[in-house]
Amino acid sequence: MIRIAIDGPSGAGKSSIAKAVAAKLGIVYVDTGALYRTIGYFVRESGFARTDIEGIVSCLPKIAIEVRYENGAQHVYLNGEDLGDRIREPEISMYASAVSAVPAVRTFLLDTQRDIAAKNSVIMDGRDIGTVILPHADVKIFMTASNEARAWRRTKELQAKGMEACYEDVLREMIERDHNDSTRAVAPAVAAPDAILLDNSDMTIEENVAAVLAIIEEKCGGTV
Ligand code: DC
């Protein structure tokens, strides 16, 4: 069993790279942001503002989240329903960031994340994987890139999904979200002291995948 933690700000390419690395190594890719997005979706659907902490906490007993892997892809079920790309909408990104700062939400999602890693070899991406969820991960990488590079990638990703996205809005919301995520009191998005920093601003996807595989090889040798 191997556990690889990939943390970093939004749009750093964590999910694309982690997915490719998981496929190469034949291990499970876990997108933990999808769990916070799912809670954000439920809170918005319930009509609460994202600043309404009591409202957010009151939603938790009504939420059952299940993570399933179908043909190698992660699906998150909210009360039995697969929300698909509905959790990728920019408004849900902002809700996800807001709910993720609420300690009760983080506690609510802790076991789901640790259970997956207890049963499978994983590459898990998020904000607190190396610091909180898997503090004993075999490999920890903190992946980042310039604000501009990240905002461009996110804009193109949304447009490719057929969603409306304008670079300036994406950049502004991304900076706000990064600020929320990295300054919150509980499990802020910071690099673990033993994480390897990887700035991929000037890397192609192939170069980035190769860089991650090289780090894993160096840390784990022939055990993968
Ligand atoms: O990775 P993402 O953009 O899909 O994550 C959505 C939000 O969820 C992000 O703004 C912060 C939060 N999040 C978190 O707090 N901890 C994680 N492990 C993953 C995501």
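Whatever order the structure lists them in is the order used to number ligands and atoms, beginning at 1. As a basis for the values below, the full set of heavy atoms in this structure was taken, side chains included, without hydrogen atoms, waters or symmetry mates.
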Do you see a donor-acceptor pair shorter than 3.5 Å between the side chains of [X] and [Y]?
X	Y	answer
Arg3	Ser121	no
Asp125	Thr32	no
Tyr29	Gln74	no
Asn147	Arg150	yes
Tyr36	Arg127	no

> Hey, which atoms in ligand 1 end up nearer than 4.0 Å to a heavy atom of Ser97?
Replying inline: 10 (O)
> Ala96 heavy atoms, cut-off 4.0 Å: which ligand 1 atoms fall inside?
Replying inline: 6 (C), 7 (C)
Give the residue, atom name and distance (to 0.1 Å) of the protein heavy atom nearest [atom].
atom	value
atom 4 (O) of ligand 1	Arg37 NE, 2.6 Å
atom 19 (C) of ligand 1	Thr32 OG1, 3.4 Å
atom 1 (O) of ligand 1	Arg127 NH1, 2.9 Å
atom 6 (C) of ligand 1	Arg177 NH1, 3.5 Å
atom 8 (O) of ligand 1	Tyr36 CB, 3.5 Å

N/O separation below 3.5 Å, [X] to ligand 1:
X	answer
Arg106	yes
Asp181	yes
Ser93	no
Asp128	yes

>> Just to be sure I read this right, does ligand 1 sit under 4.0 Å from the backbone of Arg184, its side chain, both, or neither, counting only heavy atoms?
In response: side chain
> Linking Ile, Leu, Val, Met, Phe, Trp and Tyr through side-chain heavy atoms less than 4.5 Å apart, which residues share a cluster with Tyr167?
Replying inline: Trp152, Leu171, Met174, Ile175
> Say you draw a straight line from CD of Glu45 to CG of Leu83; how long is it, rounded to the nearest 0.5 Å?
Replying inline: 8.5 Å
> How would you list, by chain and number, every residue that makes a ring pair (Phe, Tyr, Trp, His ring centres under 6.0 Å) with Tyr77, sequence neighbours excluded?
Replying inline: none
